[in-house]
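Here's a structure for you.
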Amino acid sequence: MQLGLIGLGKMGGNMRERIRRAGHTVIGYDRNPDVSDVGSLAELVERLDAPRTVWVMVPAGGPTQSVVDELADLLSAGDTVVDGGNSRWTDDEKHAEELGAKGIGFVDAGVSGGVWGLENGYALMVGGDKEHVDRLQPVFEALKPEGPYGYVHAGKVGAGHFSKMVHNGIEYAMMQAYAEGWELLEAVDSVTDVREVFRSWQEGTVIRSWLLDLAVNALDADEHLEKLRGYAEDSGEGRWTVEAAVDNAVPLPAITASLFARFASRQDDSPQMKMVAALRNQFGGHAVESTK
């Protein structure tokens with residue numbers, strides 16, 4: 001299959017490589033000419049055979065809207081646009097309507113896998129009409145992890161990004177729980193090797209997980225996380241999850257508290273946020289702030 005891919009950063013660049021390894025043709029565009037295969041969006045579209053498929057991996061909001069607007073003028077009826085960034089699901093509905101008026105299909109894909117996705121595969125949560133989703137199956141198969149799991153057609157347009165949003169809300173709460181447990185263990189005199197306590201949980205316990213493995217990796221690199229400032233950004237999806245919960249009258253006490261904890265990290269050097277920052281860096285390559 002042939003695919004255009006816009007945005008070749010930490011995620012997009014690795015996705016291009018994984019799709020190519022599966023035997024597909026990927027023509028990538030990025031504003032950075034050092035990584036781009038073409039010089040412009042127009043050139044990318046020209047090099048694709050109709051019906052074209054273009055996958056967008058740029059920041060949510062204005063940047064995604066700008067790319068969608070430009071593609072709407074460059075593509076033709078029968079082509080398909082995939083938004084694989086972290087867009088809000090309400091934006092998906094808007095983009096599908098705008099592109100659909102020109103006969104262009106739209107699919108939203110929530111993508112999880114971070115900097116590890118190239119080797120391990122990406123979990124995909126997809127929304128859109130069946131005819132558009134089915135056409136993209138070869139790309140989804142190339143990106144997903146090996147085995148029967150890691151891909152779902154979650155529903156209509158917006159369902160993919162809504163599912164990814166909830167995924168990230170759960171991620172917030174899980175990281176916060178590990179961070180609180182770590183801080184409490186560090187605070188008492190009786191526990192003399194917190195790192196090894198975390199390591200002991202990796203086998204045979206009900207709280208073992210990939211996030212726990214990454215926490216151990218972070219502690220191996222910096223046993224007491226002394227090199228990190230206790231500050232953690234929120235990507236926006238945690239906020240959207242809480243807003244959706246309010247709109248639907250669904251109680252989310254753990255996820256909401258974990259979001260507010262990140263706000264607290266901006267006031268003081270929070271020990272819990274050291275662990276959250278370390279975990280975000282481990283699984284997603286997100287930037288951390290040094291204490292020096």
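Along the sequence shown, residues are numbered consecutively beginning with 1. Because the structure is predicted, anything quoted here is derived from the model rather than measured.
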Asp91 and Ser87 side chains, donor-acceptor separation under 3.5 Å: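 Absent: no donor and acceptor within the cut-off.
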
Salt bridge (charged side-chain N to carboxylate O under 4.0 Å, His left out) pairs touching residues 15-25, sequence neighbours excluded, are Arg16-Asp37, Glu17-Arg21, Arg20-Asp37, Arg21-Glu119

Requested in this report: Answer yes if the side chains of Thr241 and Tyr172 hold a donor-acceptor pair under 3.5 Å, and no otherwise.
Outcome: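 No, no side-chain donor-acceptor contact under 3.5 Å.
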
> Are Ile19 and Met1 in one and the same hydrophobic cluster, where Ile, Leu, Val, Met, Phe, Trp and Tyr link if side-chain heavy atoms are under 4.5 Å apart?
Replying inline: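 Looking at the clustering, Met1 is in the same group as Ile19.
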
- Message: We want to know whether Glu233 and Tyr231 form a side-chain donor-acceptor pair, criterion being a heavy-atom distance below 3.5 angstrom.
- Response: yes

* If you measure from the Lys or Arg side-chain nitrogens to the Asp or Glu carboxylate oxygens, is any gap between Lys274 and Glu186 under 4.0 Å? -> no

Residue pairs passing the ring-ring contact (aromatic ring centres under 6.0 Å, His included) test with at least one member in residues 1-51, sequence neighbours excluded, are none

*Can you sort out the partners of Asp134 under side chain to side chain donor-acceptor pair (under 3.5 Å), two or more places apart, ordered by chain and number?*
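Asp134: side chain to side chain donor-acceptor pair (under 3.5 Å) contacts with Lys130.
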
Quiz item: For Val152 and Val126, what are the C-alpha separation, side-chain angles and deciding distance, and is it a side chain to side chain contact (heavy atoms under 4.5 Å, CB included)?
Solution: CA-CA 6 Å; Val152 61; Val126 175; over 6 Å; no

* Does a side-chain N-to-carboxylate-O contact under 4.0 Å join Lys164 and Asp108? ->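 Asp108 and Lys164: not salt-bridged.
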
- Query: Would you call Lys94 and Glu98 a salt bridge, using N to O less than 4.0 angstrom?
  - Reply: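 Yes, charged N to carboxylate O under 4.0 Å.
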
Per side-chain contact (heavy atoms from CB on, under 4.5 Å), Gln272 is matched among Gln176, Arg262, Met175 by Gln176

